[in-house]
2 protein chains.
Amino acid sequence: MTPRLAPVPPDRSADQVRFEGFLRTHQLKLTGERRALLSAVLGWGSHFDADTLHMALKQKGETISRATVYRTLDLLVQCGIVRKDSLGHQQAQYEAVKPGEHHDHLICMNCGKVIEFFREDLESLQDAICAQQKFKPLHHSLQIFGICSACKGKVDEKDLAARVSQIHT
Amino acid sequence: MTPRLAPVPPDRSADQVRFEGFLRTHQLKLTGERRALLSAVLGWGSHFDADTLHMALKQKGETISRATVYRTLDLLVQCGIVRKDSLGHQQAQYEAVKPGEHHDHLICMNCGKVIEFFREDLESLQDAICAQQKFKPLHHSLQIFGICSACKGKVDEKDLAARVSQIHT
DNA sequence: GTGGATGCAAAGACTTTGCAGCATC
DNA sequence: GATGCTGCAAAGTCTTTGCATCCAC
């Protein structure tokens, strides 16, 4: 029989601990607003922008100013809990970073759905390309724009070409 | 001896013809400003933003309003002569599309250099991933951020981590 | 009690748009 | 000569910042 280990805290809590540690290290304070934002972000599950988050909190009765939302998102990005991405939008998109998980994106140009995927062979191919160029990779972002299976056949092919050329990654 | 063919016009001219055709098709007019912008864009050779282009033209004596620069870049994007990209910047970056050429980017986080590359095996791997997901790819963008060979060893490792987390693709 | 945090509103950066006069087709 | 184009300035959108007040430590 293996000896009992101390119970492993759930992931949520790990991010909370991490954020609190980050705040302490930088002599910053844990405020109610920061707590509320962290928990909203961790519970979101997909991509969001600053304003959507701001409005969602307002609807839940948590009135936090837009400025604080931006300031706190910036902190969360700095300590690695949140990733900032544009995904072809004008405004910044954010997403909670699931620990140890990196992924790339398929983005449907019809319904806007974002499909996340991870392929080890894609990662290693990129590493090989970097090695060939004597380039030290630190981060990457791959976005494939197209039409998802559910939208096939429902798309007006005519304005698709125009929209492809308008993509702004 | 093979028979002589009609001389192949240089690439520059092909883009001009394409733009003029686009304008005609859409009942738009070929103005001096549009001509100047097209030629400036084709002669640029790397990435630029709207304001840099605007200022470069002003220095050459071509005073074209910022509004027209934006409006014309939009047309050039629509007809496929120019690609719009962010490359991790706040403001939109543009680049002339060399015909038949697609490439991805290695971006040096120290000196800002952008290295373009193309790998057929990377393209086909992406196609395979899309096929598996029943996703029809139309466009993609891969940006790898890191340190170029010239900057290796010259970088302050400390603030690098912070800068990696700040990347906004 | 002190230093950092918040909210507000103002400022900023980048881009788009309305309109009167102008140029191309 | 009609229709679309330009420049200008104003408005828009998203984000950041200055400052007085407030609160976690």
Side-chain angles (χ1 to χ4, degrees), chain A residues 16 19-38 40-41 47-58 61-79 82-94 166-169, chain B residues 16 19-38 40 47-58 61-79 82 84-94 166-169:
Chain A
Q16 276 167 20
F19 188 41
E20 287 167 25
F22 173 85
L23 293 176
R24 219 174 301 117
T25 310
H26 293 73
Q27 304 177 66
L28 304 174
K29 288 168 181 170
L30 179 59
T31 64
E33 288 84 353
R34 286 178 180 167
R35 228 190 305 256
L37 279 162
L38 174 62
V41 161
H47 300 84
F48 58 89
D49 59 62
D51 202 51
T52 304
L53 181 61
H54 175 241
M55 290 191 299
L57 282 163
K58 185 180 269 177
E62 303 264 18
T63 305
I64 296 175
S65 78
R66 220 183 300 272
T68 298
V69 172
Y70 279 108
R71 285 188 278 232
T72 304
L73 281 173
D74 195 42
L75 292 177
L76 292 171
V77 167
Q78 274 176 52
C79 78
V82 164
R83 187 175 9 242
K84 195 176 178 183
D85 243 290
S86 87
L87 298 177
H89 294 74
Q90 282 287 332
Q91 68 212 99
Q93 301 292 114
Y94 298 86
Q166 293 283 13
I167 295 171
H168 175 203
T169 53
Chain B
Q16 277 167 20
F19 188 40
E20 289 167 23
F22 175 84
L23 293 177
R24 220 174 300 117
T25 310
H26 293 74
Q27 304 178 66
L28 304 175
K29 288 168 183 171
L30 179 59
T31 65
E33 287 84 354
R34 286 177 181 169
R35 228 189 305 256
L37 279 162
L38 174 62
H47 300 84
F48 57 89
D49 59 62
D51 202 50
T52 304
L53 181 61
H54 175 242
M55 290 192 297
L57 283 163
K58 185 180 268 177
E62 304 263 18
T63 306
I64 296 175
S65 77
R66 221 183 301 271
T68 298
V69 171
Y70 279 109
R71 284 188 279 232
T72 305
L73 280 173
D74 195 42
L75 291 177
L76 291 171
V77 167
Q78 274 177 52
C79 77
V82 165
K84 195 176 179 184
D85 243 292
S86 87
L87 297 176
H89 294 74
Q90 281 288 330
Q91 68 211 99
Q93 301 292 114
Y94 298 86
Q166 292 284 11
I167 295 172
H168 175 202
T169 53

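The shown structure was predicted, so the numbers you read here are calculated from the model rather than taken from an experiment. Only heavy atoms go into these numbers, but all of them, side chains included; no hydrogens, no water, no symmetry mates. Quick note on labels: first sequence line is chain A, next is B, and so on, each numbered from 1.
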message: Let me confirm one number: the OG1-CG distance from B:T52 to B:L57, rounded to the nearest 0.5 Å.
response: 11.0 Å
field: Note, B:T72 side chain near B:E33 side chain (heavy atom, < 4.5 Å)
entry: no
task: Return the 5'-most residue of the pair B:Y94, B:L30 with respect to DNA chain C, ranking by each residue's nearest nucleotide.
output: B:Y94
- prompt: Between A:L75 and B:Q93, which is nearer to the 5' end of DNA chain C once each is assigned its nearest nucleotide?
  reply: A:L75
message: Looking at A:R34 and A:K29, would you say the former's side chain and the latter's main chain have a donor-acceptor pair under 3.5 Å?
response: yes
statement: chain B vs DNA chain D, heavy-atom contacts under 4.0 Å, first-to-last nucleotide span, 5' to 3', is D:dT3 to D:dC8
- prompt: Which is true for B:Q90 with a 4.0 Å heavy-atom rule: it touches a base, it touches only sugar-phosphate, or it touches nothing?
  reply: nothing
Which atom of B:F48 lies closest to which atom of B:L53, heavy atoms considered: CE1-CD2, 3.8 Å
message: Can you see if the side chain of B:Y70 gets near the phosphate of C:dT15 - specifically, an N or O under 4.0 Å from OP1 or OP2?
response: yes
field: OP1 or OP2 of C:dA23 under 4.0 Å from side-chain N/O of B:T31
entry: no
Rounded distance in Å - NE2 (A:H54) to C1' (C:dG7): 10 Å
query: For the side chain of A:R71 and the base of C:dG7, is some donor closer than 3.5 Å to an acceptor across the two?
result: yes
- prompt: NA contact type, B:T72, heavy-atom cut-off 4.0 Å: base, sugar-phosphate, or nothing?
  reply: nothing
Rounded interatomic separation in angstrom, taking CD from B:E33 and P from C:dT24: 8 Å
query: Taking atom C1' of C:dC14 as reference, at what distance in whole Å does atom CG of B:L73 sit?
result: 13 Å
- request: Take atom CD1 of A:I64 and atom P of C:dC8, then tell me their distance rounded to the nearest Å.
  value: 12 Å
- request: With rounding to the nearest 0.5 Å, note down the distance linking CG in B:L28 to CD in B:Q78.
  value: 8.5 Å
- prompt: In Å and rounded to the nearest 0.5 Å, what is the CZ to CG distance from B:R35 to B:L23?
  reply: 10.0 Å
task: Using the closest heavy atom to pick a nucleotide of DNA chain D for each, name whichever of A:A50 or B:R66 lands nearer the 5' end.
output: B:R66
- request: Please round to the nearest 0.5 Å and tell me the distance separating atom CG of A:L75 and atom CG of A:L37.
  value: 10.0 Å
- line: Taken to the nearest whole Å, CD/A:Q91 to P/C:dT15 is 15 Å
message: Output the rounded distance in Å from CD (A:Q27) to C1' (C:dT2).
response: 13 Å
Value in whole Å for how far the P atom of C:dG3 lies from NZ of A:K29: 9 Å
- request: Rounded to the nearest angstrom, tell me the gap between atom CZ in A:R34 and atom P in C:dG4.
  value: 11 Å
